[in-house]
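These notes are about the structure you will find just below.
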Amino acid sequence: MKLLLHICCARCVIYPLERLKTNYEVIGYYFNPNIHPTTEYILRGEALKSYLEKEKIPLLIGEYNPRIHLEIALDSLENRCESCYLLRLKETVRKAKDLGIDYFSTTLLVSPYQNHTRIKEIGEELAKEEDIKFYYEDFRIGWHSSQRIADELNIYKQKYCGCIFSEYERFERKVKRFTSLG
Ligand code: SF4
């Protein structure tokens, strides 16, 4: 059985892939127009590409147009993460259907920093609407081991979730210190 796995980055794919590859023929899908700036998107993508090459897992790369994400994020900044999950999972479903793949899932389910419940609900809603199977597992149990392995393999470690707003939040205190000097 084939499964299209939406992947946010190399560090997050380690544990889900370990779990999935025993029962599924996994195909990775890097579709993350939320990542800002473009150089960061490429860095994360390159790290993923080289990890999956070692694991012998095929990787498809989706369109990168940051405007798609910015438009939906600016529409409702407070709910931007939900729109971001939906954007990425909807495209994953579209791609899976195009390729005749029966299952889809996402590495977003490994992160303790994301809204796990909403990701699960969105996956299930899309599965129902689009008549495709969503593979759900609470991968968060493997978060720490994934991070440890990623450190050992010296895999690129990002400092923020992805979008320009998450980058700002990550460095907000620094920015405030800096602007108070002016
Ligand atoms: S914080 Fe992360 S999940 Fe939320 S909108 Fe930004 S990139 Fe997407």
Side-chain angles (χ1 to χ4, degrees), residues 4-17 20 28-49 51-52 59-96 104-127 129-130 134-144 146-147 150-151 155-176:
L4 190 66
L5 180 63
H6 163 260
I7 306 175
C8 56
C9 67
R11 298 182 72 90
C12 286
V13 78
I14 298 173
Y15 181 76
L17 186 59
L20 291 167
Y29 191 34
Y30 186 62
F31 175 73
N32 298 294
N34 53 311
I35 302 176
H36 168 91
T38 306
T39 46
E40 176 74 16
Y41 164 80
I42 293 169
L43 266 179
R44 295 187 197 186
E46 279 173 342
L48 175 64
K49 207 163 165 276
Y51 181 72
L52 290 191
L59 176 67
L60 305 173
I61 298 179
E63 186 194 0
Y64 178 70
N65 178 357
R67 189 179 170 150
I68 309 172
H69 175 263
L70 267 183
E71 278 173 0
I72 58 157
L74 287 172
D75 203 38
S76 169
L77 273 181
E78 305 78 60
N79 295 322
R80 71 176 195 271
C81 296
E82 288 198 25
S83 321
C84 183
Y85 305 147
L86 181 61
L87 171 72
R88 290 184 280 169
L89 292 186
K90 222 174 177 172
E91 165 57 21
T92 305
V93 168
R94 191 203 61 76
K95 189 74 175 174
F104 77 102
S105 192
T106 174
T107 57
L108 293 169
L109 292 168
V110 82
S111 171
Y113 302 109
Q114 303 291 349
N115 184 339
H116 190 90
T117 308
R118 274 309 285 146
I119 295 165
K120 178 175 185 268
E121 284 168 359
I122 290 169
E124 287 169 351
E125 282 158 21
L126 285 172
E129 280 166 30
E130 301 290 337
F134 175 58
Y135 180 94
Y136 170 75
E137 184 175 326
D138 190 348
F139 292 131
R140 287 176 297 183
I141 197 168
W143 168 256
H144 290 293
S146 267
Q147 296 306 306
D151 286 342
I155 291 177
Y156 173 68
K157 187 177 195 172
Q158 59 267 29
K159 294 187 175 65
Y160 53 95
C161 182
C163 63
I164 190 167
F165 309 104
S166 62
E167 184 191 22
Y168 173 72
E169 282 161 7
R170 169 69 174 77
F171 296 109
E172 194 173 1
R173 280 170 56 193
K174 254 189 174 176
V175 172
K176 288 198 169 139

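Each ligand, and each atom within it, is numbered from 1 in the order the structure gives.
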How about Y29 and E91: does a side-chain donor come under 3.5 Å of a side-chain acceptor? yes
Salt bridge or not for D151 and R11, using N-O below 4.0 Å? yes
Determine whether any heavy atom of Q114 lies closer than 4.0 Å to an atom of ligand 1. yes
Basic-acidic side-chain contact under 4.0 Å: E63, R94: no
Protein N, O or S atoms lying under 2.8 Å from atom 6 (Fe) of ligand 1, listed by chain and number: C163 SG
Check this for me, if you would: do E121 and R118 make a salt bridge, where the nitrogen-to-carboxylate-oxygen distance has to be below 4.0 angstrom? yes
N32 and H69 side chains, donor-acceptor separation under 3.5 Å: no
Ionic contact status for R67 with E71, cut-off 4.0 Å: yes
